[in-house]
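Below is one structure, written out as structure tokens; the observations come after it.
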Number of protein chains: 2
Amino acid sequence: MARPRQFDEEQVIRAVRDQFWDAGYAATSLEDLVRVSGLGKGSLYGAFGDKHRLFLKALREYTDTSGGYLREMLASAPRAVDALRAFVMAPVNDPGGAAARRGCLMANSTYELATSDPDVLAEARRTYEATTALVAESVGRAQDEGDLPRDVNPVEMARALLAAQQGLVFMGRTGLDIDTLTATARTLAVKLLPDA
Amino acid sequence: MARPRQFDEEQVIRAVRDQFWDAGYAATSLEDLVRVSGLGKGSLYGAFGDKHRLFLKALREYTDTSGGYLREMLASAPRAVDALRAFVMAPVNDPGGAAARRGCLMANSTYELATSDPDVLAEARRTYEATTALVAESVGRAQDEGDLPRDVNPVEMARALLAAQQGLVFMGRTGLDIDTLTATARTLAVKLLPDA
DNA sequence: GCAATTATTGACCGTGCGGTCCACCAAGCG
DNA sequence: CGCTTGGTGGACCGCACGGTCAATAATTGC
């Protein structure tokens with residue numbers, strides 16, 4: 001055998017992901033990636049391929065962990081409607097308001113690259129569809145539990161909730177302060193997910 | 001006096017704006033700008049300053065005309081609540097689905113640049129505040145006309161409607177087809193702006 | 001029609017980028 | 001121990017980018 005890797009692959013991917021998250025794709029140079037990863041250019045290329053492939057790996061890491069959080073969030077509340085409220089409010093409940101500051105990596109990437117990069121567009125669609133399906137399931141449960149009217153089909157409602165959530169993320173990126181953002185989130189939650 | 005300009009400044013700004021709109025800031029090269037404007041590099045610099053200043057001018061042009069459309073839209077409907085419905089549905093009613101395809105230039109710019117460019121962030125806040133104020137005025141009118149409940153203050157409601165609209169724009173950028181997007185827009189409009 | 005002034009053009013420049021390559025080095029095996 | 005294998009790091013490359021500049025053209029005032 002030969003010399004083994006001297007770094008933790010997942011740790012590197014997470015560092016790279018944070019860099020792309022903070023600065024975006026184009027604004028992140030290879031030098032930045034070398035700095036945050038602690039690796040040399042050659043090692044980075046040998047292990048992960050070029051900048052684009054590395055980005056896709058980081059993006060996938062993000063969507064995987066976000067998807068995990070989402071499942072957790074939807075499963076944890078005793079009543080499905082409360083889980084949906086938490087889903088809408090997620091951008092402002094994130095500790096430290098991190099989501100409000102740097103937004104959602106998937107959304108950032110969609111805005112920056114989806115029109116020109118088919119891989120990113122595909123990942124965006126994949127993530128969007130998976131999220132819609134998960135949320136729709138909870139909407140159905142909330143309807144079964146009698147907490148949500150049956151006048152809208154679950155998938156439609158899920159898309160509306162997702163749009164509302166992403167709209168909040170956008171408002172956060174305009175620098176809106178967290179209290180105002182929270183109030184807006186509540187307004188949306190109240191209107192879209194009424195008490196009965 | 002000396003030699004006069006041989007081009008229409010506004011026409012150039014609009015061409016430049018469309019280029020930034022289609023491709024984003026970083027992905028637009030000076031060569032692209034020279035091509036779409038029909039001017040030489042020197043003329044572009046002499047007339048508008050560097051790429052960043054040119055971008056800010058194009059962005060301002062966009063927000064000015066969008067603001068004009070918004071005023072028109074809000075003023076044209078006989079009942080304020082219908083104007084608000086049109087506001088939420090605007091991203092899908094845009095002829096040709098242009099808004100759904102390339103989104104909103106201000107939103108695109110916010111996502112790409114707001115974290116690193118104070119000028120863009122300032123413009124985003126300015127636009128967001130102006131839009132909120134205009135929409136809030138219509139919300140107040142709709143309440144006066146008895147079409148909207150008085151349980152939420154107009155500014156809060158305006159922010160919620162703006163978030164919903166921008167959420168729709170985001171969904172459009174993930175490549176969601178226009179029919180599905182329209183259905184989602186309707187769901188949001190129905191829930192946020194009920195008939196009575 | 002000449003002088004003064006400003007727009008126009010495109011060749012040119014320095015820089016920083018993404019990407020490559022190779023000399024060096026650590027680990028396992030006989 | 002030395003040989004083989006593959007990881008490592010940084011010097012290096014070509015290129016495309018944003019930006020500059022000097023020669024030239026067009027217009028007006030006198």
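Within every chain, numbering begins at 1; the chains are lettered A, B, ... in the order of the sequence lines, protein sequences first and strands thereafter. Heavy atoms only: backbone and side chains are in, while hydrogens, waters and symmetry mates are out. Owing to the predicted nature of the structure, the values given are computational and were not obtained by experimental measurement.
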Item checked: A:Y25 six-ring face occupied by A:K51 cation (under 6.0 Å, within 45°) -> yes
Check: Is there a donor-acceptor pair closer than 3.5 Å between any side-chain N or O of B:S43 and the backbone N or O of B:L39?
Finding: no
Margin query: So that I can tick it off, tell me whether B:K191 and A:D151 are bridged by a salt bridge, with the cut-off set at under 4.0 angstrom between side-chain N and carboxylate O.
Written below: yes
Check: A:S29 near the nucleic acid: base, sugar-phosphate alone, or nothing, with a heavy-atom cut-off under 4.0 Å?
Finding: sugar-phosphate
Notebook entry, point to check: Among the nucleotides C:dG18, D:dC17, C:dC17, which one has an atom lying closest to any side-chain atom of A:E31?
Noted result: C:dC17
Checklist line | Nearest-angstrom distance from the residue atom CZ of B:R35 to C1' of C:dT9 | finding: 18 Å
Margin query: Any base atoms under 4.0 Å from B:G42, or only sugar-phosphate, or nothing? Heavy atoms, all strands.
Written below: base
Checklist line | Residue-phosphate contact under 4.0 Å: A:S43 side-chain N/O, D:dG7 OP1/OP2 | finding: no
Next item on the list: Go through the N and O atoms of the side chain of B:K41 and the base of D:dG19, and report whether any donor-acceptor pair is under 3.5 Å.
Entry: yes
Check: Over how many whole Å does the gap from B:H52 atom NE2 to D:dC17 atom C1' extend?
Finding: 17 Å
Margin query: Distance check needed: D:dG18 P versus B:K51 NZ, whole Å only.
Written below: 4 Å
Next item on the list: Indicate yes or no for a side-chain donor-acceptor contact from A:Q165 to the backbone of A:A90 under 3.5 Å, with no hydrogens or angles considered.
Entry: no
Margin query: Closer than 3.5 angstrom, by distance alone: can the side chain of A:Q19 be matched with the main-chain N or O of A:T28 as a donor-acceptor pair?
Written below: no
Next item on the list: Write down the distance between CG (A:L33) and P (D:dG9), rounded to a whole number of angstrom.
Entry: 15 Å
Next item on the list: Counting Watson-Crick and G-U wobble pairs whose two distances are both under 3.5 Å, find the runs of 3 or more in a row that involve DNA chain D.
Entry: C:1-30 with D:1-30
Margin query: Once rounded to the nearest 0.5 Å, what's the spacing between atom CZ of B:R79 and atom CG of B:L148?
Written below: 11.0 Å
Notebook entry, point to check: Atom OH of B:Y45 and atom C1' of C:dT8: how far apart are they, to the nearest Å?
Noted result: 16 Å
Check: Tell me: CG of B:L44 to P of D:dC17, nearest whole Å?
Finding: 15 Å
Next item on the list: Only one of A:T187, A:L181, A:L176 passes side chain to side chain contact (heavy atoms under 4.5 Å, CB included) with B:R159; say which it is.
Entry: A:L176
Next item on the list: Quickly work out the A:F48 CZ to C:dT20 P distance and round it to whole Å.
Entry: 17 Å
Next item on the list: Find the distance B:F55:CZ to D:dG18:P and express it as a whole number of Å.
Entry: 13 Å
